[in-house]
Amino acid sequence: MTLLKNRTINGSVLGRLKDGSVRQRIDAHHHLWQLGRFPYAWLAPGSPPRPFGDHTALKKDYLVADYARDMAGIGVVASVFVEASAGGPGASELDWVDAVAGDRSLPAVSVGHADLRRPDIGAVLSVFQRSARMRGIRMSLAWDGRPWWRFVESPDIMLAPEFLHGLSELTRRELAFDTLVVPGQLSQLANVARANPDLQIVINHLGTPLRETVEDIAQWTEGMRDCARCANMSIKLSGLWVLDRGWAPEHIAAPVRMVIDLFGPHRCMWATNYPVEKLMCPVVDQIRNLDTVLDDLSEDEKDTIFRRTAARVYRIPLPDRTIAVDGSRRTVAG
């Protein structure tokens with residue numbers, strides 16, 4: 001079913017549904033920060049550019065009100081806060097999010113940061129779980145021959161017994177593991193998933209589909225196939241600046257559709273990666289371009305990608321009954 005109506009928001013065209021309403025969406029990955037509260041070494045005045053380039057425009061506070069303003073009018077009903085490399089002790093970043101967000105659904109849940117190799121990781125996670133928003137831990141594991149893609153100190157962390165113990169603690173507590181890796185690490189991450197079948201593993205930013213070399217493309221393609229064979233792995237359709245900074249449909253379509261074909265809509269979730277991705281592709285353009293790429297999917301499949309996968313993976317409550325995307329009333333499996 002194709003979208004039948006259009007609506008202009010902030011100068012951009014946003015698809016509307018059969019009944020004229022805007023699609024409900026859950027943003028599965030965004031950040032918030034307050035620079036005076038935590039160190040945020042990567043946002044310090046003299047910090048070097050990121051892999052996506054100059055990030056000077058990000059070196060200012062980005063708070064709940066800023067995020068809500070950026071999401072206005074596009075149907076975001078809930079969101080997932082993901083740690084922002086704050087550098088604060090323990091669960092302090094999530095405590096801050098709880099304090100500033102109150103009972104809002106933006107964000108509805110949170111994913112914190114901890115080094116899973118810590119000998120006291122069980123106690124650390126117990127403190128995190130005092131927050132009703134707590135749903136998982138992100139530990140970025142990206143390590144590549146290119147120094148700008150090294151987010152950890154060594155390439156073999158996934159083999160460390162201490163790390164594997166940390167994953168077992170996540171499994172025991174029914175918490176998700178979010179991570180950012182590069183193409184050469186995807187098959188290794190799939191091995192981790194096979195060894196921990198009861199752990200929900202979430203691949204961030206389409207598995208970083210680098211296109212700098214033929215080897216990048218081959219490793220990403222095979223790695224995606226390997227990860228998709230693991231039923232406990234899900235993936236975020238986000239961070240697509242690696243494919244094209246403006247998310248042009250002709251550049252993102254083939255990789256995005258390959259991932260959806262491999263994982264199925266029920267393991268794919270849209271995410272803004274705001275405010276980082278705002279530097280490259282504003283949210284209205286993300287949605288417009290993804291709508292083009294996903295145009296031939298059913299409305300149920302689109303609803304799954306834009307809302308229900310995130311609700312399931314991060315245990316975000318949905319109403320027992322809601323207006324379905326085709327305008328009818330039906331029970332929603334959250």
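Heavy atoms only: backbone and side chains are in, while hydrogens, waters and symmetry mates are out.
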Acceptor/donor pairs from residues 75-88 side chains to any protein atom, 3.5 angstrom cut, sequence neighbours excluded:
| residue | atom | partner | partner atom | Å |
| --- | --- | --- | --- | --- |
| Ser79 | OG | His30 | NE2 | 2.8 |
| Glu83 | OE1 | Ser85 | N | 2.7 |
| Glu83 | OE2 | Arg138 | NE | 3.0 |
| Glu83 | OE2 | Arg138 | NH2 | 3.4 |

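Pro183 has its side chain out of reach of Glu222: every pair of non-hydrogen atoms, C-beta onward, lies at least 4.5 Å apart. Side-chain contact between Pro89 and Ser92 is present, with heavy atoms from C-beta onward closer than 4.5 Å. Counting heavy atoms from C-beta on, the side chains of Arg257 and Leu297 come closer than 4.5 Å. Using a 4.5 Å cut-off on side-chain heavy atoms (C-beta onward), Arg118 and Val124 make contact. Between Leu32 and Val64, some side-chain heavy-atom pair lies under the 4.5 Å cut-off. Using a 4.5 Å heavy-atom cutoff, the side chains of Arg146 and Val182 are not in contact. Residues Val283 and Lys278 are not in side-chain contact: their nearest non-hydrogen atoms beyond the backbone lie 4.5 Å or more apart. Side-chain atoms of Val259 and Leu237, non-hydrogen and from C-beta on, do get closer than 4.5 Å to each other.
Judged by distance alone, the side chains of Gln34 and Trp96 do bring a donor and an acceptor atom under 3.5 Å apart. Between the side chains of Asp300 and Ser298, no donor N or O sits under 3.5 Å from an acceptor N or O. For the residue pair Glu277/Thr272, the side-chain donor-acceptor check at 3.5 Å is not satisfied. In this structure, a donor-acceptor pair under 3.5 Å is absent between the side chains of Thr171 and Asn196.
For an aromatic pair to be called close, the ring centres must be under 6.0 Å apart, and Trp42 with Trp33 satisfies this.
Partners of Asp178 according to the side chain to side chain donor-acceptor pair (under 3.5 Å) rule, which considers only residues two or more places apart in sequence or in another chain, are Asn204, Lys236, Tyr314. Take Asp115 and apply the salt bridge (charged side-chain N to carboxylate O under 4.0 Å, His left out) test, not counting sequence neighbours, and it matches Arg117. For Ser131, the side-chain contact (heavy atoms from CB on, under 4.5 Å) criterion is met by Asp98, Arg133, Met134, not counting sequence neighbours. Under the side chain to side chain donor-acceptor pair (under 3.5 Å) criterion, Asp95 pairs with no residue at all, not counting sequence neighbours. Under the rule for a salt bridge (charged side-chain N to carboxylate O under 4.0 Å, His left out), Asp61 has no partner lying at least two apart in sequence or in another chain. Contacts of Arg130 classified as salt bridge (charged side-chain N to carboxylate O under 4.0 Å, His left out), with partners at least two apart in sequence or in another chain: none. Qualifying salt bridge (charged side-chain N to carboxylate O under 4.0 Å, His left out) partners for Glu169, counting only residues two or more places apart in sequence or in other chains: Arg172, Arg173. In this structure, Ala195 has no side-chain contact (heavy atoms from CB on, under 4.5 Å) partners at least two apart in sequence or on a different chain.
Among residue pairs with one or both ends in residues 263-311, those qualifying as ring-ring contact (aromatic ring centres under 6.0 Å, His included) are Trp270-Phe306; sequence neighbours excluded. For residues 182-223, the ring-ring contact (aromatic ring centres under 6.0 Å, His included) pairs, not counting sequence neighbours, are His29-His205. Residues in residues 169-189 take part in these ring-ring contact (aromatic ring centres under 6.0 Å, His included) pairs, two or more places apart or across chains: Phe163-Phe177.
Between the side chain of Arg150 and the backbone N or O of Gly145, at least one donor-acceptor pair lies under 3.5 Å. For the pair Arg25 (side chain) and Ile287 (backbone), a donor-acceptor distance under 3.5 Å is absent. Side chain of Arg104 to backbone of Ala101: a donor-acceptor contact under 3.5 angstrom is found. Listed for the Asp66 side chain is a donor-acceptor partner under 3.5 Å among the backbone atoms of Leu63.
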Leu189 vs Ile203, test: side-chain contact (heavy atoms from CB on, under 4.5 Å). Steps then yes/no. CA-CA 9 Å; Leu189 186 62; Ile203 305 169; 4.1 Å; yes

Run Leu279 and Trp241 through side-chain contact (heavy atoms from CB on, under 4.5 Å) and show every step you take. CA-CA 10 Å; Leu279 296 181; Trp241 67 267; over 6 Å; no

Take Val202 and Thr179 through the test side-chain contact (heavy atoms from CB on, under 4.5 Å) and record every step on the way to the result. CA-CA 6 Å; Val202 184; Thr179 192; over 6 Å; no

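Minimum interatomic distance between Ile121 and Ala114 (heavy atoms only, all atoms of both residues): CD1-CB, 4.0 Å. The two atoms that bring Val293 and Ile252 nearest to each other are CG2-CG1, 3.8 Å, heavy atoms only. Looking at every heavy atom in both residues, Ala271 comes nearest to Trp247 through O-CH2, 4.4 Å. Minimum interatomic distance between Ala28 and Ala310 (heavy atoms only, all atoms of both residues): CB-CB, 4.0 Å. The minimum heavy-atom distance between Val313 and Ser234, with the atom names listed, is CG2-OG, 3.7 Å. Scanning both residues, Thr309 and Cys268, for their nearest heavy atoms gives OG1-O, 3.0 Å.
Interatomic distance, Cys227 SG to Met224 CE, rounded to the nearest 0.5 Å: 5.0 Å. Interatomic distance, CG of Asn289 versus SG of Cys281, reported as 5.5 Å (0.5 Å rounding). Here the CZ atom belonging to Arg135 is positioned 10.0 Å from the CD atom belonging to Gln129, to the nearest 0.5 angstrom. Atom-to-atom distance recorded for Met269:CE and Ser238:OG is 9.0 Å, nearest 0.5 angstrom. For the atom pair NZ (Lys302) and CD1 (Ile305), the distance works out to 9.5 Å, reported to the nearest 0.5 Å. In this structure, the separation between CG on Leu35 and NZ on Lys59 is 10.0 Å, given to the nearest 0.5 Å.
The hydrophobic cluster containing Leu206 does not contain Ile217, counting ILVMFWY residues as joined when their side-chain heavy atoms lie under 4.5 angstrom apart, directly or transitively. Both Leu186 and Val152 belong to a single network of hydrophobic side chains, linked directly or stepwise wherever heavy atoms of I, L, V, M, F, W or Y lie under 4.5 Å apart.
A salt bridge is absent between Arg211 and Asp216; no separation between the charged side-chain nitrogens and carboxylate oxygens falls under 4.0 Å. Looking at Asp291 and Arg288, no side-chain N of the basic residue comes within less than 4.0 Å of a carboxylate O on the acidic one, giving no salt bridge. Under a 4.0 Å N-O distance rule, the pair Asp261/Arg225 does not qualify as a salt bridge. Remark: Glu299 engages Arg23 in a salt bridge, criterion side-chain N to carboxylate O under 4.0 Å.
Atom NZ of Lys60 sits in a sparse spot, with 12 or fewer heavy atoms from other residues, nucleotides or ligands closer than 6.0 Å. For Glu212, the CD atom is densely surrounded, since the number of other residues' heavy atoms within 6.0 Å is greater than 12. With a 6.0 Å radius and a threshold of 12 heavy atoms from other residues, nucleotides or ligands, Glu215 has its CD atom at or below the threshold.
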